[in-house]
Amino acid sequence: MRALQLLLLLGMLLSPVTLSLARKPRRENRDREVYGNGKIFDITHEINPNMPTWESKDGLGQFIWLVDSMKNGSKLNSSQFKLSTHTGTHIDAPGHFYEEYYEAGYNVNSLDLDVLNGPALLVDVPRDSNITAEVMKSLNISRGVRRVLFRTLNTDRKLMFKKEFDSSYVAFMEDGAKWLVENTDIKLVGVDYLSSAAYVNLISPHLIFLKRRKIILVEGLKLDNIIPGHYNVHCLPLRMIGADGSPARCILVK
């Protein structure tokens, strides 16, 4: 009888209500990348200490600090963070490469939200080359397409998941940038590493893209496991006065 009473008492203690209170909060949404029954894709890289940063072997490192902690007696948790404006998935403003634009206030606040939101095309770039004029021709991007995300060998090599910066990443060469400007209607250029210009040809593609302040560069996109084709892209920078770039949250909607 005593054993039966102990079992009943144990059952009460381990009731679903008690267990639910004892369990930690569920984290099923952590690292989630697909929403809306497969129609919404998060193409933003998670900002974390081990992500690559420009020309660093050590990655981003600590970027967020818990200033107020409930564990230490505060009534709430409150953090502070410090980041480069070109961390992870981010957007370049015209002032990033033009001093006169920077002084004139062409920062991320000046970027056209109409360009950053709307129909977009995701294309696979040939894996054996930077994006040259010949590569651009081979992609056969129709006139009227205004937003293009270029998936390259960078995604295959998972460069955005490696701590050490890799200067062999794939991106635009000068002739490829010039061909795009002169022969397409593209106003948003999205790439899958930290720069839209190849390391060996770093300055001139940026100058070509940003010269007329009509093209917006979105860099560091996460394009894994997404079928090439047409989507709607939504990409929003932080609204910061004086910033020549900004981390952004970008999504594709099918």
Side-chain angles (χ1 to χ4, degrees), residues 42-56 58-64 80-118 120 131 146-150 152 154 159-160 163 165-167 169-172 174 177 180-181 186-199 201-223 233-251:
D42 193 338
I43 55 172
T44 311
H45 278 281
E46 178 185 67
I47 297 177
N48 69 83
N50 294 315
M51 76 184 321
T53 57
W54 191 255
E55 294 186 329
S56 172
D58 303 319
L60 178 60
Q62 184 175 2
F63 66 95
I64 192 164
Q80 292 182 354
F81 65 87
K82 182 178 181 179
L83 296 169
S84 161
T85 55
H86 301 272
T87 297
T89 304
H90 67 275
I91 297 174
D92 286 354
H96 185 36
F97 275 86
Y98 282 94
E99 176 62 18
E100 61 268 35
Y101 290 163
Y102 185 82
E103 294 297 328
Y106 288 105
N107 50 53
V108 288
N109 280 359
S110 72
L111 298 177
D112 190 344
L113 294 184
D114 183 56
V115 174
L116 287 165
N117 296 271
I131 306 176
R146 299 181 65 215
R147 305 167 190 86
V148 179
L149 314 182
F150 296 86
T152 74
N154 304 329
L159 294 190
M160 285 297 293
K163 179 188 292 188
F165 175 77
D166 192 327
S167 63
Y169 67 87
V170 170
F172 277 87
E174 179 178 351
L180 182 149
V181 169
I186 297 171
K187 295 295 180 283
L188 183 149
V189 173
V191 296
D192 53 359
Y193 199 57
L194 295 174
S195 173
S196 55
Y199 192 76
N201 194 191
L202 186 62
I203 304 301
S204 55
H206 280 101
L207 295 178
I208 292 168
F209 284 138
L210 299 174
K211 182 177 181 179
R212 297 180 181 177
R213 307 192 309 274
K214 299 295 184 182
I215 292 177
I216 299 178
L217 304 178
V218 183
E219 300 169 336
L221 289 169
K222 187 180 186 304
L223 302 177
V233 68
H234 300 282
C235 199
L236 297 176
L238 298 176
R239 197 173 186 184
M240 299 185 292
I241 293 176
D244 59 284
S246 172
R249 189 68 177 263
C250 299
I251 63 171

Sidechain-backbone polar pair: Tyr193 side chain, Met160 backbone, donor-acceptor under 3.5 Å: no
Option among Val189, Ile186, Leu188 that satisfies the side chain to side chain contact (heavy atoms under 4.5 Å, CB included) test with Arg147: Leu188
Point-to-point distance, once rounded to the nearest 0.5 Å, from OG of Ser167 to CD of Glu55: 8.5 Å
For Ala197, all residues meeting side chain to side chain contact (heavy atoms under 4.5 Å, CB included), sequence neighbours excluded: Ser195, Leu202, Pro205, His206
Donor-acceptor pair, side chain of Tyr101 and main chain of Ala93, under 3.5 angstrom: no
Qualifying residue, where the test is side-chain hydrogen bond (donor to acceptor under 3.5 Å, both in side chains) with His96 and the options are Asp244, Thr85, Asn107: Asp244
Residue pair Asn109 / Arg239, side-chain heavy-atom distance below 4.5 Å: yes
Derivation of the side-chain contact (heavy atoms from CB on, under 4.5 Å) call for Leu194 and Glu219: CA-CA 5 Å; Leu194 295 174; Glu219 300 169 336; 5.9 Å; no
For the student: nearest non-hydrogen atoms of Ser110 and Pro94, plus distance: OG-CD, 4.5 Å
Stepwise salt bridge (Lys or Arg N to Asp or Glu O under 4.0 Å) check, Lys187 with Asp114: CA-CA 10 Å; Lys187 295 295 180 283; Asp114 183 56; over 6 Å; no
Phe165, CZ: over 12 other non-hydrogen atoms inside 6.0 angstrom: yes
Donor-acceptor contact below 3.5 Å, side chain Asp192 vs main chain Thr152: yes
Phe172/Phe150 under ring-ring contact (aromatic ring centres under 6.0 Å, His included): CA gap, chis, key distance, verdict: CA-CA 10 Å; Phe172 277 87; Phe150 296 86; 5.2 Å; yes
Atom pair CZ (Phe81) and CD1 (Ile47), whose distance is rounded to the nearest 0.5 Å: 7.5 Å
Aromatic plane relationship, His90 with His86 - under 30° parallel, 30 to 60° tilted, over 60° perpendicular: perpendicular
CG-CG distance between Leu83 and Leu60, expressed to the nearest 0.5 angstrom: 6.0 Å
Any donor-acceptor N or O pair under 3.5 Å, side chains Ser56, Asp58: no
Glu100 and Tyr106, any side-chain heavy atoms less than 4.5 Å apart: no
Separation between OG1 of Thr89 and CD of Glu46, rounded to the nearest 0.5 Å: 11.0 Å
Gap between atom CD1 of Ile131 and atom CD of Glu174 - 0.5 Å precision: 15.0 Å
Rounded distance (nearest 0.5 Å) linking atom SG of Cys250 with atom CG of Leu236: 8.0 Å
Any donor-acceptor pair under 3.5 Å from Tyr169 side chain to Ser196 backbone: no
Close side-chain approach of Asp112 to Lys214, heavy-atom, < 4.5 Å: no
Main-chain N/O of Ile64 paired with Gln62 side-chain donor or acceptor, under 3.5 Å: yes
Side chain to side chain contact (heavy atoms under 4.5 Å, CB included) against Ile91, all qualifying residues, sequence neighbours excluded: Leu111, Leu116, Ile216, Val218, Cys235, Pro237, Ala248
Side-chain touch Ile43/Leu149, heavy atoms, less than 4.5 angstrom: yes
